[in-house]
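Notes to accompany the following structure.
Side chains included, hydrogens not; waters and symmetry mates left out as well; all remaining heavy atoms used. This one's a predicted model, so the numbers in the text were calculated from it and none came from an experiment. By convention in this document, chain letters (A, B, ...) are assigned in the order of the sequence lines, proteins followed by strands, and residues within each chain are numbered from 1.
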2 protein chains.
Amino acid sequence: MTTIIAVDTLIFMFNTEDGMILEKKKAFNEFAQSKGLRSTRQRDIILDIFLSTHQHVSVEDLYLKVKASHPGIGYATVYRTLKLFSEAGLAREILLHDGQTRYEHVLAGEHHDHLVCTGCNAIIEFEDETIEKLQDEIAARHGFLIRRHKLELYGLCARCRNIG
Amino acid sequence: MTTIIAVDTLIFMFNTEDGMILEKKKAFNEFAQSKGLRSTRQRDIILDIFLSTHQHVSVEDLYLKVKASHPGIGYATVYRTLKLFSEAGLAREILLHDGQTRYEHVLAGEHHDHLVCTGCNAIIEFEDETIEKLQDEIAARHGFLIRRHKLELYGLCARCRNIG
DNA sequence: AGTAATGTGAAATTGAATATCAAAAGCAGA
DNA sequence: TCTGCTTTTGATATTCAATTTCACATTACT
Ligand SMILES: [Mn+2]
Ligand SMILES: [Mn+2]
Ligand SMILES: [Zn+2]
Ligand SMILES: [Zn+2]
């Protein structure tokens, strides 16, 4: 009986946003433990606030958001903590054309690339398995071992095409 | 007779590196004229030296190369002149992961993407028509009009895989 | 509590891109 | 060739995000 309830709860957890959040908190705690990092109030707060965001946030973006409720937390801490999140595998650094590093959530095992509207800065995510395969073939042809790639399509979104 | 010789010479010219160089010098002169730019000793020198390079050069790279034979020429001039080359269509700016802008030669109508070795910084150029088509399809599916794209594959080249 | 190691926040530094500005050079006419 | 106007140059300053520094605070552990 107890066991069945536990399993149900677990499945439910991982299928909701709250579940994702718990999952990521756990992932970060495990990472911190494995690296011998100490647990601090600041990291907890920054993690909570990062997990509450839904877009691609810059350090500055997140810093301002954090400062709103916790004015004592400094820019450097937010900066360092976002780097940690990315090392821990729960965030990914992305560098688009505007020269500002942004962080986005990484969902376990998921990968995507970006369509960027240069008119309104909208970012659309996409995946294309065929392109990924072709990339591997190109790499293989040149004896390369690919670690990561960057594919960004810049242009105007439907709305900006009409307005512009 | 004269005409035939001229045609032969022209064909020959465009099939050699010297021909490319002449072609690009002409292209830049035409651009300069159309923009009302003045002809200067510095621009001639910088163009010559840029055309003599074969890799993807940063402003700093080219500046050092220029300074070696012409110590009087300043960084700002090299910087501005490379921008001009790119406006004139004979160079292209590329921004790889290391956050340093580089310039490469643009061959008429040609496009390519880059395979970058993070071990030795080697850069290999490639083209893949299928990938380009798939990109267009993705864009169309989202109502986007693509202006440019960036596709970079980062990893280790054959040599660095063995050494590393 | 005591101690050593780690984390924090304000400020400083870095590094590349770009702007500024006085002096030098190019250019069209006289 | 000289003149006067405009552009270009070169040294330097500025900008701006990323990153480092360091004195002080906090944590983990005994
Ligand atoms: Mn994304
Ligand atoms: Mn190239
Ligand atoms: Zn748009
Ligand atoms: Zn290599």
- Item | Residue pairs fulfilling salt bridge (charged side-chain N to carboxylate O under 4.0 Å, His left out) with at least one residue in residues 31-47 of chain A, sequence neighbours excluded | none

Please set out all donor-acceptor pairs under 3.5 angstrom arising from side-chain atoms of residues 155-164 of chain B, sequence neighbours excluded.
{"residue": "B/R161", "atom": "NH1", "partner": "A/G143", "partner atom": "O", "Å": "3.0"}
{"residue": "B/N162", "atom": "ND2", "partner": "B/A158", "partner atom": "O", "Å": "3.3"}

- Message: Does anything in residues 48-57 of chain A form a salt bridge (charged side-chain N to carboxylate O under 4.0 Å, His left out)? List the pairs, not counting sequence neighbours.
- Response: A/K25-A/D48

- So, with a heavy-atom separation below 4.0 Å from DNA chain D, the residues of residues 31-44 of chain A are A/R38, A/S39

Would you be so kind as to tabulate the donor-acceptor pairs closer than 3.5 Å made by side chains of residues 61-71 of chain B, with sequence neighbours excluded?
{"residue": "B/D61", "atom": "OD1", "partner": "B/S58", "partner atom": "OG", "Å": "3.3"}
{"residue": "B/D61", "atom": "OD2", "partner": "B/S58", "partner atom": "N", "Å": "2.9"}
{"residue": "B/D61", "atom": "OD2", "partner": "B/S58", "partner atom": "OG", "Å": "3.2"}
{"residue": "B/D61", "atom": "OD2", "partner": "B/R102", "partner atom": "NH1", "Å": "3.1"}

- Who are the ring pair (Phe, Tyr, Trp, His ring centres under 6.0 Å) partners of B/Y103, not counting sequence neighbours? none

- Query: Tell me, which pairs form a salt bridge (charged side-chain N to carboxylate O under 4.0 Å, His left out) where one or both residues lie in residues 142-151 of chain A, sequence neighbours left out?
  - Reply: A/K150-A/E152

- Distance-minimising heavy-atom pair for A/L90 and A/F28: CD2-CB, 3.5 Å

- Ordered by number, residues from residues 74-105 of chain B within less than 4.0 Å of DNA chain D (heavy atoms) are B/G74, B/A76, B/T77, B/R80

- Nucleotide range of DNA chain C lying under 4.0 Å from chain B heavy atoms: C/dA16 to C/dC27

- Item | Inter- and intrachain pairs under ring pair (Phe, Tyr, Trp, His ring centres under 6.0 Å), touching residues 127-164 of chain A, at least two apart | A/H97-A/Y154, A/H111-A/H149

- Task: Any pair with a residue in residues 69-95 of chain A that passes salt bridge (charged side-chain N to carboxylate O under 4.0 Å, His left out), sequence neighbours left out, goes on the list, sorted by first then second residue, please.
- Result: A/K83-A/E93, A/R92-A/E104

- Item | Residue list, ring pair (Phe, Tyr, Trp, His ring centres under 6.0 Å) with B/H56, at least two apart or on another chain | B/H114

